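Notes to accompany the following structure.
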Amino acid sequence: GMVKDGAAALTLLHDEASAAGDDRLVALAELEQIVHEQLSGIDVEAVEVAARRVIASASEVGDEVSVARAWRRLSAAHRRAGAYSAGEEAARHALTHAQAAANRQEEARAADALCNCLLYGPTPAPEALDTCHELLAIPARTRTLEYLSGVTSRLPPDSRTELGPDASGLGWVFQYALVDRSGQHS
């Protein structure tokens with residue numbers, strides 16, 4: 001019963017988006033309908049056509065989350081078909097757009113899709129491990145950048161902050177103290 005409920009909900013979404021004239025939501029609803037139907041054997045080409053439509057329409061309005069989701073859905077279709085190289089490429093696009101949207105949930109899903117492609121696909125193990133280490137470092141670097149952006153306004157005008165490259169896959173954290181010996185800044 002739940003599969004039918006899902007199909008009915010997606011049909012309703014599509015119909016309401018069509019009635020409202022929202023091409024982006026229509027494209028997104030069609031993509032989700034095809035992915036839902038894929039469980040019963042829809043082909044990758046149909047997912048690709050729908051995903052490309054979402055990518056085009058969502059890109060026009062700057063909807064990075066929908067673009068990321070469409071790439072991730074395309075990655076999943078390729079993985080189900082055993083086309084892991086194509087799935088990896090789509091997952092990398094999904095990750096890039098999720099990061100541009102600053103959507104951590106979609107970023108995590110895209111990273112998961114990418115790791116699955118790396119695990120089962122033809123990418124050499126050392127290269128796959130390097131990519132996984134880079135993915136593990138992203139949250140720590142993001143938190144560090146968020147902290148730096150929060151303190152920048154409290155620094156003297158001629159100072160600057162910078163996050164250097166990772167020294168390893170796990171990265172390094174250095175802490176510096178700025179000391180104002182003149183007493184002009186607190």
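Computed from a predicted model, the values in this text were never measured in an experiment.
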Is a side-chain donor-acceptor pair under 3.5 Å present for R92 with T96? no

Which residues pass the side-chain contact (heavy atoms from CB on, under 4.5 Å) test with E45, not counting sequence neighbours? D43

Any chain of hydrophobic side-chain contacts (each under 4.5 Å) joining I55 to L28? yes

Please examine the side chains of Q99 and E64, heavy atoms only from C-beta on, and report whether any two atoms are closer than 4.5 Å. no

Quick one: do W71 and I34 end up in the same hydrophobic cluster if we chain Ile, Leu, Val, Met, Phe, Trp and Tyr together by side-chain heavy atoms under 4.5 Å apart? yes

To check you understand the geometry: which heavy-atom pair defines the closest contact between A77 and V44, and what is its length? O-CG2, 3.6 Å

How close do T123 and A128 get, counting heavy atoms only, and between which atoms? CG2-N, 3.9 Å

Which residues pass the side-chain contact (heavy atoms from CB on, under 4.5 Å) test with D130, sequence neighbours left out? none

Taking all non-hydrogen atoms of both residues, which atom of L10 and which atom of A29 are closest, and how far apart? O-CB, 4.4 Å

Could you walk me through whether V49 and R53 pass the side chain to side chain contact (heavy atoms under 4.5 Å, CB included) check? CA-CA 6 Å; V49 167; R53 187 163 168 232; 5.8 Å; no

Return the minimal non-hydrogen interatomic distance between L74 and R52, and the atom names on each side. CD2-NH2, 4.4 Å

For a side chain to side chain contact (heavy atoms under 4.5 Å, CB included) check, start with the C-alpha distance between L95 and L135, then their side-chain angles and the critical distance, and finish with the verdict. CA-CA 10 Å; L95 184 59; L135 291 171; 3.4 Å; yes

Is there a donor-acceptor pair under 3.5 Å between the side chain of D112 and the backbone N or O of A108? no

Name the atoms and distances for all side-chain donor-acceptor pairs under 3.5 Å in residues 15-23, with sequence neighbours left out.
from : atom 1 : to  : atom 2 : distance (Å)
S18  : OG     : H14 : O      : 3.0
D22  : OD1    : R24 : N      : 3.2
D22  : OD1    : L25 : N      : 3.1

Non-hydrogen atoms of E88 and C117 that approach each other most closely: N-SG, 3.4 Å

Measuring from L119:CG to Y84:OH, what's the distance to the nearest 0.5 Å? 8.5 Å

Roughly how far, to the nearest 0.5 Å, is CG of L13 from CD of E30? 10.5 Å

May I ask you to test the V67-V54 pair for a side-chain heavy-atom distance under 4.5 Å? no

CZ on R69 to CZ on R109, rounded to 0.5 Å: 7.0 Å

Which atoms form the tightest heavy-atom contact between A113 and S75, and what is the distance? CB-OG, 4.0 Å

